[in-house]
S.K.: 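Just dropping this structure here.
Small disclaimer: the values here were computed from a predicted structure and weren't measured.
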Amino acid sequence: MSKSWKKSGVSAILAASLATGIIGCSQEETLKQEGADAKQGVATGTTEQNVSVIDYTFDTAGNMLAYAEFELSGEPMVEGLGLDLDVLDVTKLDQPTKFDYTAGVESYEYSEEAMYEVVEKSGLGLHLVKGPTINKLAKESGKSANEVLANRFIQLAESVGYPQEEIFQNMYPTFIEYQSADPHYIQPVDTSKFTDGENGAYIPKYQLDYASLRWDRNKMDKILTPSAYGATFLKQALWAGDFLGGMHTVDTDEELEAQNATDDKDPNIVLGVSSADGMQGMILTEEIWNKLNFIRNHLFYNPTSGKLEAAKGSGYDPSEGLSYLPHAIKVTEDGEADFIGAKTLEVTDARSLLQDQWLMLWPAAEFYGTTDQRSANPNTNPAFRAVFDGAPFPDAPAQNLDQEAGNDIASDDPFTVNRDVLLQVFRNLEAMHWNAKEGIFVSEHDGKEQGDYLDTFQAGYTMEALRMFQRAIDGLPVGYANGDDAKGLSTKEGQLAIEMIRKQADFMMENMIGTDGLIANGWTVGKGKEASTPEFKAQLGAIRGLTAAFLATKDEKYRDAARTIYTAVDEKLWDPAMKAYKTKGNDTFQYDAFTAGAVSGVFRSAINSLRNVNGDQNKPEALDRKTIISRYVDFYDQVIDGPSLDQGMQASEFWDTGDVYIEGDQTGNTDQDNVPQIQAGHGEYGIAPVLVPVEVKK
């Protein structure tokens with residue numbers, strides 16, 4: 001569904017453009033009987049509220065986390081509720097129900113397109129031509145990096161049966177992304193007709209040629225922060241896992257479930273769930289591979305020397321000297337006009353922040369599940385093993401796949417380099433942010449001393465990231481299948497992750513939840529619970545964290561605690577007239593991307609794990625699935641899409657959510673919803689399909 005232009009048979013981007021263009025809960029007993037409830041979600045009435053944009057700054061970390069949550073709360077969630085995805089039609093607004101369309105089309109497709117804006121179109125970072133593995137291949141072959149990348153894209157296309165002449169033109173693939181930017185386009189978007197589409201629509205040129213979709217480099221905050229490149233990594237890893245999690249036939253493009261890692265030796269079977277999606281999965285994986293090598297080789301900080309250095313790898317021991325990802329590294333670019341790399345890197349904020357660490361731990365765990373080649377793990381999808389068997393991506397040395405760390409060897413293959421980053425981040429999380437005496441995660445470490453403040457939102461999401469880490473390191477399914485049961489490997493790292501999750505959850509339950517059911521915003525060691533009015537964001541983090549504790553341990557007390565907070569939030573913070581949650585105090589309804597993403601994640605947690613089921617002693621109305629779904633739809637309608645074209649968090653939308661291009665139609669909104677086409681959004685030339693902060697007012 002994500003590549004609707006492909007279904008129209010577009011096939012005219014010339015191969016000659018390559019050298020310049022490319023580079024240019026287990027509570028299952030009631031699921032079936034309640035499945036029909038998912039069909040009940042409808043938005044109620046119209047709104048008289050104003051959902052005004054606060055500013056148009058693009059926050060990379062917040063956006064990419066939000067869209068990761070939107071993705072997981074999209075197609076995977078509604079399919080789990082029993083929806084046949086084939087009935088979704090992007091051109092049929094709010095069908096078969098408003099909930100189905102909101103989740104299965106809008107939430108899911110907004111998520112995908114925003115990722116492409118960042119990593120293929122905008123220029124928001126360093127160009128893949130300057131990526132470490134591309135440059136290594138260039139040195140080995142004696143060819144230019146441009147030529148190597150062009151040939152690499154052809155190789156990736158062949159591996160998924162994708163016509164090389166259809167590779168997108170004038171891409172700007174990034175291997176690492178900047179902290180923030182202005183998402184307005186700097187020239188007219190090329191909406192001219194490329195070819196005819198379906199049902200009277202046409203394919204605009206910008207769908208295949210990205211030259212007109214750049215952002216202003218002078219307005220980019222050229223800072224490398226783990227939250228930003230980590231959250232982008234999360235988006236890339238989730239979509240790559242989706243796109244490469246199966247194989248397909250060459251002659252019919254029919255998706256196949258892989259039975260063996262050698263299935264693609266059949267001349268009629270190739271990698272990827274389809275030709276088009278497989279190609280995107282390969283591009284994302286190429287970007288991730290270069291990103292990880294750059295992070296491992298250049299971005300770890302030694303507070304003793306005050307210099308950046310390479311990661312220590314699987315043998316890293318924090319007690320022998322810290323080496324961690326600092327909060328901010330300033331990039332001085334190399335001055336090239338088109339294929340931009342880094343000339344110098346300067347640490348401008350040497351602190352280790354908890355948000356940075358969990359936003360690297362989570363995606364590295366997801367990618368570990370995709371690249372896992374350990375023979376001890378029987379749960380790896382054979383389709384993934386086929387991607388990393390030497391072609392198109394290198395496999396890992398045998399020494400790095402056994403249970404012994406002492407015999408590991410240096411390697412830049414995707415599994416090894418990701419494992420090195422994953423384990424070093426995990427060990428730093430424990431050494432620098434885990435207060436074992438208190439049983440809490442603290443938000444900061446200055447490289448010498450650990451801080452003393454627990455931020456509820458950050459601690460909650462750290463628990464979810466640790467849940468994913470435990471699943472990955474123990475060989476359990478991650479990605480869309482992160483709730484599936486399987487027999488794990490019971491590693492010492494996995495056991496430690498579970499222990500930290502449990503202790504942090506116990507601390508929250510025993511010390512931080514008030515008599516009103518809401519949790520405190522934070523806790524200071526030696527002083528106690530923060531006395532300020534509990535804010536919405538803290539509740540979201542706590543619900544995500546306590547749900548993670550329940551899923552990781554199967555202990556119902558954590559589910560009960562999450563249900564208590566969710567019910568209190570619905571009772572005390574939901575305003576039915578505003579169709580939004582109060583975020584700070586009684587009359588404030590302000591949403592940034594982090595908050596919006598967490599709302600999406602909490603709705604998914606409620607629908608899948610916290611809803612009322614047989615056996616619950618108390619069954620609050622707030623946790624009836626129909627109520628949760630109605631909140632999902634109303635919130636999305638009001639805050640994300642907004643009540644009018646110039647309001648709401650989603651700044652614009654793409655073809656993939658139904659806003660097709662029709663000759664003679666100048667409305668910039670052919671699907672007649674409240675989100676404009678990209679060229680018709682805010683600004684002289686329009687704005688990218690990303691999230692911007694808003695405030696809801698009466």
S.K.: Within the side chain of N135, is there an N or O that forms a donor-acceptor pair under 3.5 Å with the backbone of P132?
M.R.: no
S.K.: W574 vs Y581 aromatic rings, parallel, tilted or perpendicular, using cut-offs 30° and 60°?
M.R.: perpendicular
S.K.: Determine, for Y67 and K235, whether the Lys NZ or Arg CZ falls below 6.0 Å from the six-membered ring centre while staying within 45 degrees of the axis.
M.R.: no
S.K.: Please name the pair of heavy atoms, one in L224 and one in E177, separated by the smallest distance, quoted to 0.1 Å.
M.R.: CD2-O, 3.6 Å
S.K.: A61 and S227: which non-hydrogen atoms are nearest, and at how many Å?
M.R.: CB-O, 3.4 Å
S.K.: Does the side chain of N669 pick up a donor-acceptor pair with the side chain of T667 at under 3.5 Å?
M.R.: no
S.K.: Is R214 reaching over with its side chain to a backbone N or O of K121, donor-acceptor style, under 3.5 angstrom?
M.R.: yes
S.K.: Would you mind reporting whether Q679 and P188 have side-chain heavy atoms less than 4.5 Å apart?
M.R.: no
S.K.: Which residue in the set K98, K579, R631 passes salt bridge (charged side-chain N to carboxylate O under 4.0 Å, His left out) when paired with D637?
M.R.: K98
S.K.: Evaluate the ring-ring contact (aromatic ring centres under 6.0 Å, His included) criterion for residues F175 and F294: first the C-alpha distance (whole Å), next the side-chain angles of each, then the deciding distance (0.1 Å), finally the verdict.
M.R.: CA-CA 8 Å; F175 73 86; F294 188 75; 5.1 Å; yes
S.K.: Specify the closest pair of heavy atoms between P643 and Q49, including all atoms of both residues, with the distance to one decimal.
M.R.: CG-O, 3.6 Å
S.K.: Kindly compute the distance separating CG (D673) from OG1 (T657), expressed to the nearest 0.5 Å.
M.R.: 7.0 Å
S.K.: Just checking, any donor-acceptor pair under 3.5 angstrom between side chains of S352 and Q357?
M.R.: yes
S.K.: So which atom in D671 and which in G658 form the shortest heavy-atom distance, rounded to 0.1 Å?
M.R.: CB-O, 3.6 Å
S.K.: With distance as the sole criterion, is a donor-acceptor pair present between the side chains of H184 and H682 under 3.5 Å?
M.R.: yes
S.K.: With Y206, which of F654, Y685, W655 fulfils ring-ring contact (aromatic ring centres under 6.0 Å, His included)?
M.R.: F654
S.K.: Using side-chain heavy atoms (C-beta onward) and a distance below 4.5 Å, is F367 in contact with T285?
M.R.: yes
S.K.: Counting C-beta onward and ignoring hydrogens, is there a side-chain heavy-atom pair between Y172 and H127 closer than 4.5 Å?
M.R.: yes
S.K.: Can you see whether D356 engages Y324 through a side-chain donor-acceptor pair at a distance of less than 3.5 angstrom?
M.R.: no
S.K.: Check K291 against I176 and note the closest heavy-atom contact, atom names and distance.
M.R.: NZ-CA, 4.2 Å
S.K.: Using 0.5 Å steps for rounding, measure from the CD atom of Q539 to the CG atom of L573.
M.R.: 6.5 Å
S.K.: What are the two closest non-hydrogen atoms of V694 and V53, and how far apart are they?
M.R.: CG1-CA, 4.1 Å
S.K.: Counting C-beta onward and ignoring hydrogens, is there a side-chain heavy-atom pair between T370 and L244 closer than 4.5 Å?
M.R.: no
S.K.: Heavy atoms, side chains only, cut-off 4.5 Å: are I295 and M360 in contact?
M.R.: yes
S.K.: Could you verify whether a donor N or O on one side chain and an acceptor N or O on the other, from S532 and N521, lie under 3.5 Å apart?
M.R.: yes
S.K.: So, D665 side chain and Y661 main chain: donor-acceptor pair closer than 3.5 Å or not?
M.R.: no
S.K.: Verify the neighbour count for atom CG of D55: are there more than 12 heavy atoms of other residues, nucleotides or ligands below 6.0 Å?
M.R.: yes
S.K.: So I223 and V331, side-chain contact (heavy atoms from CB on, under 4.5 Å) or not? Walk me through it.
M.R.: CA-CA 6 Å; I223 300 292; V331 176; over 6 Å; no
S.K.: Within a strict 4.5 Å, meaning less than it, do heavy atoms of the L126 and Y178 side chains meet?
M.R.: yes
S.K.: For I340, run the side chain to side chain contact (heavy atoms under 4.5 Å, CB included) check against K222, R217, K130 and tell me which one passes.
M.R.: R217
S.K.: I'd like to know if the side chain of T583 reaches the main chain of T588, judged simply by a donor and an acceptor atom lying under 3.5 Å from each other, with no hydrogens or angles considered.
M.R.: yes
S.K.: Backbone N or O of F243 within a donor-acceptor pair of the D277 side chain at under 3.5 Å?
M.R.: no
S.K.: I need the L540 CG to E69 CD distance, nearest 0.5 Å.
M.R.: 10.0 Å
S.K.: Could you give me the CA-CA distance, side-chain angles and deciding distance for Q179 and T60, then say whether side-chain contact (heavy atoms from CB on, under 4.5 Å) is met?
M.R.: CA-CA 6 Å; Q179 177 175 274; T60 307; 5.6 Å; no
S.K.: Relative to each other, are the rings of Y108 and W239 parallel, tilted or perpendicular (30° and 60° limits)?
M.R.: tilted
S.K.: Could you state the interatomic distance from CG (D656) to OG (S111), rounded to the nearest 0.5 Å?
M.R.: 11.5 Å
S.K.: So does G341 get a backbone contact from the side chain of D334, meaning a donor-acceptor N/O pair under 3.5 Å?
M.R.: yes
S.K.: Looking at H327, is its backbone amide N or carbonyl O close enough to the side chain of T225 to form a donor-acceptor pair, meaning the two atoms are under 3.5 Å apart?
M.R.: yes
S.K.: Does the pair E366 and M468 meet the rule for a side-chain contact (heavy atoms from CB on, under 4.5 Å), with working shown?
M.R.: CA-CA 7 Å; E366 297 284 0; M468 293 301 178; 3.9 Å; yes
S.K.: Relative to the ring of F635, is the ring of Y591 parallel (under 30°), tilted (30 to 60°) or perpendicular (over 60°)?
M.R.: perpendicular
S.K.: What do the steps show when you test N297 against V417 for side-chain contact (heavy atoms from CB on, under 4.5 Å), and what is the final call?
M.R.: CA-CA 9 Å; N297 297 343; V417 69; 5.7 Å; no
S.K.: Hey, are the side chains of E113 and E653 touching, using non-hydrogen atoms and a 4.5 Å cut-off?
M.R.: no
S.K.: Flag the pair Y636 / F70 as yes when their ring centroid distance falls below 6.0 Å, and as no otherwise.
M.R.: yes
S.K.: Give the intermediate values and the outcome of ring-ring contact (aromatic ring centres under 6.0 Å, His included) for residues Y461 and F441.
M.R.: CA-CA 11 Å; Y461 262 97; F441 289 104; over 10 Å; no
S.K.: Examine distances only and state if a side-chain atom of T332 and a backbone atom of K343 form a donor-acceptor pair shorter than 3.5 Å.
M.R.: no
S.K.: Calculate, to the nearest 0.5 Å, the distance between atoms OH and CG belonging to Y185 and D190 respectively.
M.R.: 12.5 Å
S.K.: Test your reading of the model: is there a side-chain donor-acceptor pair from N63 to the backbone of D59, 3.5 Å cut-off?
M.R.: yes
S.K.: Side-chain contact, heavy-atom cut-off 4.5 Å: L325 with Q424?
M.R.: no
S.K.: Counting N and O atoms only, with roles assigned by atom type, does the side chain of Q187 sit under 3.5 Å from a partner on the main chain of A211, one being a donor and the other an acceptor?
M.R.: yes
S.K.: Should the pair F594 and F457 be assigned to parallel (<30°), tilted (30 to 60°) or perpendicular (>60°) ring geometry?
M.R.: perpendicular
S.K.: If I take atom CG from residue L354 and atom CG from residue L429, how far apart are they, to the nearest 0.5 angstrom?
M.R.: 6.5 Å
